[in-house]
Every structure is written in C-alpha cells, then in structure tokens.
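Since the structure comes first, as structure tokens, the remarks are kept for the end.
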Amino acid sequence: MNDHFDVLIVGAGSAGCVLAARLSENPNLRVGLLEAGSPATDPDIAIPQQWPLLAGRDYDWGYRTTPQAGTAGRSHDWPRGRIIGGSSCLHAMAHVRGSPEDFQAWSDATGSARWSYAGLLPAFRRLESFSGGSSEHHGADGPLPVWLPDAELSPLVRAYMAAAMASGIAWLGDHNAGRLVGVAPNSLTIRAGRRVTVADAYLDGVRARTNLTVVSEALVHRLMLSGTSATGVIAEISGKATTLEAGVTILCAGAIASPLLLMRSGIGPAESLERAGVQCITNHPGVGENLHDHLLTAGNVYRAKKPVPLSRLQHSESLTYLHSDDLTRADGAPDVVLGCVAAPTVTECFARPAMGSAYTILSGVTHPTSRGRITLTGPAVMTHHHPVGTCQMGRLAGSVVDADLKLHGCERLFVVDASVIPAITSGPIHAAVIAIAETFAADFASLHY
Ligand code: FAD
C-alpha cells in the first residue's frame, strides 16, 4: 500500500464514498479512503424490513448519550455505521432533500449561494436515478436509486394519507419536487426490493481504479500536523500503527467522529482540550458545538381492528410535513412532521405489542432549537439519528469550516460530512449529506488549500 496520497479521505461512510468515487475520476490524483470498519457482509443490510434490527450489531459504533435531563434522565442509543458505507448501511432509506427554505440558513451562514437550494439542485439531480425519470427537479442517471413506491404501499398507509387529506392537508406526492409541506409516500433508496447503500451506489463500480486505494479496518487516531498544516494521519491498520502522508486530508468521519478527531489532534476549544490532557495547537471554540438533531416521539401506538400486513418496504412508509398552526397551508418550511409506521414502535419504557396487531403515528419537530456538544470526555446530548452541526460551515465566530469546507485557520484540511451542516433541514439529512459531498467534489479542482 502507498504511504503517500494526494488526497486522503477519513471515513468510508455516506460522504466519504461519494468523494472517493468522484475525486478518483481524475487519474492524476492518488486517492486513499480509510475506514475503521470492514466491508458489509451481513445479508440483512440489503433487506429493507430488517433495518430496525441492525443497530447494535458489530458494525455499529454503538454510541450512547449521557443521561438527558430533557428526556426524564434517560440515556439514548445513538447508532452509527462502522463499516464500508457508514451509516447508509443502517439507515431507514428515506430520501428527503429538505424544504428549499431550509438552505437559506446555509447560504446566509457562509455568504455563498453554492449552499442555497438552487446551488445544491444540480448535485441533488446528479446523485440520483429517480424512478419517475428526469425533470427540472429530478435526475435519472445518477448512482443512487431514488424510488417512489406506489403499488407496494401498505393499505394502512394509504388510509393514513387519505385521512390526512380529508383533514385539509395538501397532497404532495413527492418530497423532492421543490416543496415539502403536504402528504407523500417516502422516496426510498431501494432498487428491486433491496437497500442500496452509498458504497453499493458509488464505490463498487470504481474499486478497480489504480489511483484509488480503499483500506478497511483502518482506525484513524489523529491528524499529523506541521504547524497549522495537515500532512496526513496516524492510524492503526489491521492492528498495526501506521502513518500516512497526504497532500490534502478530508475528514468524512461523521458528525460525532470528525470533531473528535480534530480535538484529538489539538484542534478545538482550548479549555476543553486542556481538561482532557490534549495539547491545544489551534484554539477552535466551535469544534464539537452546535450539535443538534431531530427529536422524534416514539409515537402513539394504536391497536388495529384488522391485522396490519407486514410492510413490503421499510415500515415507515410516509412522512407528512405540516405547519402546526394551519393544516391547509402548503408553502414554506414546515415545523412539524407526522410519520405513519405499519408496525408498533415503542421506546424501552414500553412492551411492544405483537407485529400485525398495531401501528404507530410518530411526530417530531423539524427545526429543533436545543443544542448540545461533543467533547472528548462524553457527549451531553439527545438524538434521533440525524446529528449535525459539530463542525458547522460559516464565516462568523463559532463556525469551523468556510464556504469551501476548509478548516478555518488550517491548511490542507477539509471536513465534508453531516458535521458541516449549520442548521438542520426539515427532513432526514442523508440526501443533503450526499449533495454536500457531490458539490465539494465538483468544485475540488478549483479549491485553494
Ligand atoms: P457516516 O455515514 O456515519 O460515515 C462516517 C464513517 O466514518 C463511518 O463509516 C465510520 O466508521 C468512519 N469513521 C469514523 N471514525 C473513524 C476513524 N477514527 N477512523 C476511520 N474511520 C472512521 N437519514 C436519512 O436521510 N433517511 C433516513 O431514513 C435515515 N435513517 C437513519 C436511521 C439510522 C438508524 C441512522 C443511524 C441514521 C439514519 N439517517 C437517515 C441519517 C444518515 O444515515 C446519516 O446522517 C448519514 O449517513 C451521515 O453520513 P456521514 O458521511 O456524515 O457519516
């Protein structure tokens, strides 16, 4: 294996796989992709109905929050993929870009129209192969299948969508066609009944490129720095300590691990680094701050009068976005989401009714205002699978990366993953994470580092 790369990507998750594939299209760039986990071998990963059972298996980092005062002192499981494909191997496969208005906060934070909805639309179209074909909103030739199911929807979910419309909520039909408020079935990253991970979509077809090296079981401990310039990483590869040099290092380790890697390397809030016994090289108060996530109720579980057939999709088949003060309003960014799950969904506080005997209506806030932080001694947060913001992009104090996703005050170092999202989108964030990576890759050749 090379020990010097032009570009070294840390983390083969959703963003990392996109970057590895896109940047290695240039045969003159030697690209390395390091992943702490192994390639995906569990056959359950591909079966959409199995997704709730994947958390906790040996390819989950298995994070857990500290007890949360805001949730009756409970600690919460915080699954994250430790595997080639990252969290796209565990997630629920719902593909929702967010409301176009959500991205105003991103372009305001950075001063760059690149991160507005209009700026990201080419990437949203480029990444997908939409089942409904190409249009001004959709692409049909991208690596990731985005499938809008119809005949496969559960009769329960059809009844739920009809009931929503009867109460005055607008029919939307497609979450990703330029508006988010209304009723729609979920678009899913499923092809021919099987989950398509980002590794399946982006990486599998390019593994043979001679300028791309993918290394699994490569746990990165920290960055190597020369002054304020990143020169590579110190990692443990298959149990052996190794140093790898790089012209540019790109952190794609996710919203939890990217800020931790920066802090372990001496880049973070000086006081908290000192407390953890890490020498501070660059005082960066924003690293690990601004952590937020969608809070979702486990939901109301209803006993069904008739048997509820097992979902042919991934159980949670429809998300309905709303304005809580006016159900008939169909414009703008929603403040509430309701989800229909064709199965009983309960927290650890309740006994789960038998499958087929009950269903669930989930609810959540789309723009949570509470913020937590990641620190080297343990996160003090509450989450529901969409953590963002811990290396937020922006030009003001508290931001960690600039509009090019380059770390403020450091050279040859970028962060490209969910951590750079300054303010969460209304919906699940996977589509936005891939669009960020696609946009970064498209602009990479013109970046200064
Ligand atoms: P990840 O995909 O998590 O990638 C980070 C990678 O870095 C991992 O492979 C990890 O192993 C690796 N890594 C970390 N530390 C190191 C290290 N020190 N050395 C080497 N490698 C390292 N989003 C949606 O849009 N729709 C959904 O339905 C949905 N459902 C979800 C359900 C669950 C259970 C979960 C866990 C997430 C869900 N999400 C969903 C969220 C979505 O999957 C994530 O936001 C997205 O995958 C994050 O991408 P990322 O590239 O930032 O990080």
Side-chain angles (χ1 to χ4, degrees), residues 8-19 32-40 48 51-57 59-63 77-98 144 146 175-176 186-190 195 197-199 202-203 215-223 233-237 244 250-262 264-265 293-294 296 313-316 319 339 383-391 415-421 424-437:
L8 192 56
I9 301 164
V10 177
S14 301
C17 290
V18 174
L19 288 195
L33 176 63
L34 304 180
E35 167 55 42
S38 305
W51 82 264
L53 306 178
L54 304 180
R57 295 193 181 176
Y59 46 86
D60 175 6
W61 285 91
Y63 293 109
D77 287 331
W78 212 5
R80 295 280 96 191
R82 179 180 179 142
I83 188 168
I84 301 274
S87 298
S88 79
C89 297
L90 296 186
H91 73 20
M93 293 154 278
H95 189 83
V96 183
R97 293 175 184 174
L144 193 68
V146 174
H175 288 124
N176 301 310
N186 288 342
S187 293
L188 302 168
T189 49
I190 292 176
R195 172 204 294 268
T197 71
V198 178
Y202 278 86
L203 208 55
V215 190
S216 53
E217 290 172 48
L219 178 67
V220 174
H221 288 306
R222 59 187 171 84
L223 297 162
V233 301
I234 297 173
E236 193 179 312
I237 300 184
L244 296 170
I250 307 177
L251 293 184
C252 296
I256 300 170
S258 283
L260 287 177
L261 279 169
L262 288 173
R264 276 195 215 115
S265 311
D293 196 345
H294 289 130
L296 205 62
L313 303 170
Q314 34 62 288
H315 308 291
S316 169
L319 292 168
T383 182
H384 216 289
H385 305 328
H386 306 154
V388 298
T390 48
C391 298
V415 184
V416 184
D417 58 27
S419 69
V420 302
I421 293 176
I424 201 162
T425 54
S426 303
I429 58 164
H430 194 246
V433 171
I434 299 178
I436 289 169

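In each ligand, atom 1 is the first atom listed, and ligand 1 is the first ligand listed. Position 1 is the first residue of the sequence; numbering continues from there. Predicted, not measured: the structure shown is a model, and the values here were computed from it. All values below were derived from every heavy atom in this structure, side-chain atoms included, with hydrogens, water molecules and symmetry-related copies excluded.
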(message) Which residue and atom name correspond to the protein heavy atom nearest atom 45 (O) of ligand 1, and how close is it?
(response) I429 CD1, 3.2 Å
(request) Write out the residue and atom name of the closest protein heavy atom to atom 4 (O) of ligand 1, then the distance separating them to 0.1 Å. (result) G13 CA, 3.2 Å
(message) For the backbone of A94 and the side chain of N186, can you confirm whether one donor and one acceptor N or O come within less than 3.5 Å of each other?
(response) no
(message) Residue-level breakdown please: for M93 versus ligand 1, do any non-hydrogen atoms fall below 4.0 Å on the side chain, on the backbone, on both, or on neither?
(response) backbone
(request) Go through the structure and list residues passing ring-ring contact (aromatic ring centres under 6.0 Å, His included) with H95, not counting sequence neighbours. (result) none
(request) Just let me know how P387 lines up against ligand 1, side chain, backbone, both or neither, with a heavy-atom cut-off below 4.0 Å. (result) neither
(request) Examine ligand 1 and decide if any of its atoms is less than 4.0 Å from a heavy atom belonging to G37. (result) no
(request) Could you tell me whether R80 and ligand 1 have an N or O pair separated by under 3.5 Å? (result) no
(message) With nothing but distance in play, are any N or O atoms of V433 less than 3.5 Å from an N or O of ligand 1?
(response) no
(request) Spell out, as yes or no, whether a donor-acceptor pair under 3.5 Å connects the side chain of H175 to the backbone of L319. (result) yes
(request) Grab the two heavy atoms, one from A437 and one from L19, that are nearest each other, plus how far apart they are. (result) O-CD2, 3.4 Å
(message) Considering both backbone and side-chain atoms of A92, is one of its nitrogen or oxygen atoms within less than 3.5 Å of a nitrogen or oxygen in ligand 1?
(response) yes
(request) Answer yes or no: is there a donor N or O on one side and an acceptor on the other, between the side chain of R82 and the main chain of G62, under 3.5 Å? (result) no
(message) So for ligand 1, is S87 a polar contact partner (N or O within less than 3.5 Å, distance only)?
(response) yes
(request) Starting at SG of C252, measure out to CD1 of I9 and round the result to the nearest 0.5 Å. (result) 6.0 Å
(request) Considering only non-hydrogen protein atoms, determine which one is nearest to atom 37 (C) of ligand 1 and report residue, atom name and distance to 0.1 Å. (result) H385 O, 3.4 Å
(request) Decide whether an N or O pair under 3.5 Å exists between A431 and ligand 1. (result) no
(request) Indicate yes or no for a side-chain donor-acceptor contact from D417 to the backbone of A253 under 3.5 Å, with no hydrogens or angles considered. (result) yes
(message) Between S265 and L223 (side chain of the first, backbone of the second, donor and acceptor by atom type, cut-off under 3.5 Å), is there such a pair?
(response) yes
(request) Give the residue, atom name and distance (to 0.1 Å) of the protein heavy atom nearest atom 8 (C) of ligand 1. (result) G81 O, 3.2 Å
(request) Please indicate whether any nitrogen or oxygen in A257 is less than 3.5 Å from any nitrogen or oxygen in ligand 1. (result) no
(request) Using non-hydrogen atoms of the residue, decide whether W61 is closer than 4.0 angstrom to ligand 1. (result) yes
(request) Using side chain to side chain contact (heavy atoms under 4.5 Å, CB included) as the criterion, list what pairs up with S216, not counting sequence neighbours. (result) P39, I84
(request) Classify the contact between A218 and ligand 1 as side chain, backbone, both or neither, using a heavy-atom distance cut-off of under 4.0 Å. (result) backbone
(request) Below 4.0 angstrom from a heavy atom of G86, which ligand 1 atoms are there? Numbered from 1 as shown, please. (result) 2 (O), 8 (C), 9 (O)
(message) Would P79 count as being in polar contact with ligand 1, using the rule that some N or O on each side must be under 3.5 angstrom apart?
(response) no
(message) Using a 3.5 Å distance criterion without hydrogens, assess whether the side chain of E35 forms a donor-acceptor pair with backbone atoms of E217.
(response) no
(message) Distance alone, cut at 3.5 Å: any donor-acceptor contact between the side chains of S88 and H430?
(response) no
(message) Taking distance alone, with N or O pairs closer than 3.5 Å, would you say A94 contacts ligand 1?
(response) yes
(request) Consider every N or O of S14 and every N or O of ligand 1, then say whether any pair is closer than 3.5 Å. (result) yes
(request) Provide, to 0.1 Å, the distance between atom 53 (O) of ligand 1 and the closest protein heavy atom, together with that atom's residue and name. (result) G254 CA, 3.7 Å
(message) Using a 4.0 Å heavy-atom cut-off, which part of I83 comes near ligand 1: side chain, backbone, both, or neither?
(response) backbone
(request) Run down the list E217, H430, E35, H91 and name the one with the heavy atom closest to atom 9 (O) of ligand 1. (result) E35
(request) Please report which non-hydrogen protein atom sits nearest to atom 52 (O) of ligand 1, along with the residue it belongs to and the distance in Å to one decimal place. (result) A418 N, 3.0 Å
(request) Do me a favour and list the nearest non-hydrogen protein atom to atom 21 (N) of ligand 1 with residue, atom name and distance? (result) A36 N, 3.1 Å
(message) Quick one, W51 and M93 - any side-chain contact, counting heavy atoms below 4.5 Å?
(response) yes
